[in-house]
Protein chains: 2
Amino acid sequence: MPAGLPDRPVPPEGPTTEALICFNLYAASHAFIRLYSPHLERLGLTYPQLLVLLLLHQKDGQRVGELGAALAMETNTLSPLLKRLADTGLLTRVRSEKDARSVEVRLTTEGQIKAAAAAEVPACIAQEKGMTEDGYRWSLKTLQALRGWIEEAARESER
Amino acid sequence: MPAGLPDRPVPPEGPTTEALICFNLYAASHAFIRLYSPHLERLGLTYPQLLVLLLLHQKDGQRVGELGAALAMETNTLSPLLKRLADTGLLTRVRSEKDARSVEVRLTTEGQIKAAAAAEVPACIAQEKGMTEDGYRWSLKTLQALRGWIEEAARESER
DNA sequence: TGCGATTAGATCGTGTGCGATAAAATTGAG
DNA sequence: CTCAATTTTATCGCACACGATCTAATCGCA
């Protein structure tokens, strides 16, 4: 399990972008989402919308804050996203009776169907592209360690 | 060096987002860029703009296509980005004399100063956050393998 | 019990990132 | 030499992602 900050400078003329962990994450993230795009197009969803449906498929009726925490997104990004999904009839947003500051998000019937189809997408990509268990586990482990490190670094900045 | 598709499905109710390599890349990428944001704000740059300046700092006078290849960006993203940087006086865009389809991108004097400052940002983050050589190398290795796999998967889709 | 502090979600403006499309220039087969 | 195919860059519209800011509701200390 690696530890430490990964964006390490190299030559005196400054780092090449390829040597930056941040850039490699950035490029890998966009490229991976592009692998999803045939499925996203088929479902009429964007990647962040697919993520929301996956979360609600797992556990319907979550609050906006819970979804935001799970996706590491602030509400300035999430609220408009949920509004668009509500506008297309896939989910509803209702103020909580227990705490009127909170909004509960639930899938509609159409949303449940779409969420079930969305839940199959990662498996479709797994099947189409071929995968090994080791590659999956190795990458996931490293990314989770990296995310842990980034969170730790962010917490240190707040002191 | 891991191989294989990393987004592997898990339980029958569909994958959790945390189990998806794609989501972990996505979340890590945004979180890492947020670590950069104090420096980005100080420079008056966005992250993609910083990347462009890093590339031109390394080698001025590149064509748009070269920059796009290095950043894994299409010209529909890159052209507006370069236009904005040109509008703020950091670079110029000139049609190549050798091939009028191509545009050469060069830093202005102000751009060179800003690019030199930009080149110091990754080192600043390295110093502020503490880093280990092993953590850096491990993460970079895994991300580069992942990017290689994604590119291979993308090529297969085009056949 | 009052009210300042805090929490939760929302809106606005700007810069990407991508699907779609277009214009201009170059290449090379016929 | 012609012209279809290809290449390069650009524009448009939409969905984020984030900094900034706002409104409404709840909490808990005095």
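No hydrogens, no waters, no symmetry mates; every other heavy atom, side chains included, goes into these values. Quick note on labels: first sequence line is chain A, next is B, and so on, each numbered from 1.
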Quiz item: Are A:Lys114 and A:Glu110 close enough for a salt bridge, meaning some N to O gap below 4.0 Å?
Solution: no
Quiz item: Salt-bridged, A:Glu18 to B:Arg147, with N to O below 4.0 Å?
Solution: yes
Ignoring hydrogens and angles, tell me if any N or O in the side chain of [X] forms a donor-acceptor pair with the backbone of [Y] under 3.5 Å.
{"X": "B:Arg106", "Y": "B:Thr92", "result": "no"}
{"X": "A:Thr108", "Y": "A:Gly89", "result": "yes"}
{"X": "B:Arg93", "Y": "B:Glu104", "result": "no"}
{"X": "B:Thr88", "Y": "B:Leu85", "result": "yes"}
{"X": "A:Tyr26", "Y": "B:Leu71", "result": "no"}

Quiz item: Could you give the start and end, 5' to 3', of the contact zone on DNA chain C for chain B, using atoms under 4.0 Å from its heavy atoms?
Solution: C:dG15 to C:dT26
Can you measure [X] atom [atom1] to [N] atom [atom2] for me and round it to whole angstrom units?
{"X": "A:Gln49", "N": "D:dA15", "atom1": "CD", "atom2": "C1'", "result": "8 Å"}
{"X": "A:Leu82", "N": "D:dC16", "atom1": "CG", "atom2": "C1'", "result": "13 Å"}
{"X": "B:Glu104", "N": "D:dT8", "atom1": "CD", "atom2": "C1'", "result": "13 Å"}
{"X": "B:Leu40", "N": "D:dA17", "atom1": "CG", "atom2": "P", "result": "17 Å"}
{"X": "B:Glu41", "N": "D:dG19", "atom1": "CD", "atom2": "C1'", "result": "8 Å"}
{"X": "A:Asp99", "N": "D:dG28", "atom1": "CG", "atom2": "C1'", "result": "15 Å"}
{"X": "B:Arg84", "N": "D:dT9", "atom1": "CZ", "atom2": "C1'", "result": "15 Å"}
{"X": "B:Ile33", "N": "D:dG19", "atom1": "CD1", "atom2": "P", "result": "11 Å"}

Quiz item: Is there a side-chain contact between B:Gln49 and B:Leu53 (heavy atoms, below 4.5 Å)?
Solution: no
Quiz item: Using the C1' atoms of the five pairs at each end, what is the angle between the end axes of the helix from C:dT1-D:dA30 to C:dG30-D:dC1, to 10°?
Solution: 10°
Quiz item: Hey, can you pull the residues of residues 61-75 of chain A with a non-hydrogen atom under 4.0 angstrom from DNA chain C?
Solution: A:Arg63, A:Val64, A:Gly65, A:Thr75
Practice problem: Using a cut-off of strictly less than 4.0 Å, decide whether A:Thr46 has a side-chain nitrogen or oxygen near OP1 or OP2 of D:dC14. | Solution: no
Quiz item: For B:Arg93 and D:dT9, is the shortest distance between a side-chain N/O and OP1 or OP2 below 4.0 Å?
Solution: no
Quiz item: What does A:Leu81 touch in the nucleic acid at a heavy-atom separation under 4.0 angstrom: a base, only the sugar-phosphate, or nothing?
Solution: sugar-phosphate
Quiz item: Using 30° and 60° as the class limits, which term best fits the ring planes of B:Phe32 and B:Tyr36: parallel, tilted or perpendicular?
Solution: tilted
Exercise. Decide side-chain contact (heavy atoms from CB on, under 4.5 Å) for A:Leu146 and A:Leu25; before the verdict, give the C-alpha distance in whole Å, the side-chain angles of both, and the deciding distance to 0.1 Å.
Key: CA-CA 10 Å; A:Leu146 205 51; A:Leu25 283 170; 3.8 Å; yes
Quiz prompt | A:Thr77 side-chain proximity, nearest of D:dC18, D:dT26, D:dA15 | solution = D:dC18
Quiz item: The side chain of A:Asn76 lies closest to which of these nucleotides: D:dC16, D:dA20, D:dT11?
Solution: D:dA20
Quiz item: With a 3.5 Å cut-off and just heavy-atom distances, do the side chain of B:Arg101 and the base of D:dT9 make a donor-acceptor pair?
Solution: no
Exercise. Specify the residue among B:Arg34 and A:Ala100 whose closest nucleotide of DNA chain D lies further upstream toward the 5′ end.
Key: B:Arg34
Practice problem: Mind checking the CD1-CZ spacing from B:Ile150 to A:Arg34? Nearest 0.5 Å is all I need. | Solution: 9.0 Å
Exercise. State whether the number of non-hydrogen atoms from other residues, nucleotides or ligands found under 6.0 Å of A:Arg42 atom CZ is greater than 12.
Key: yes
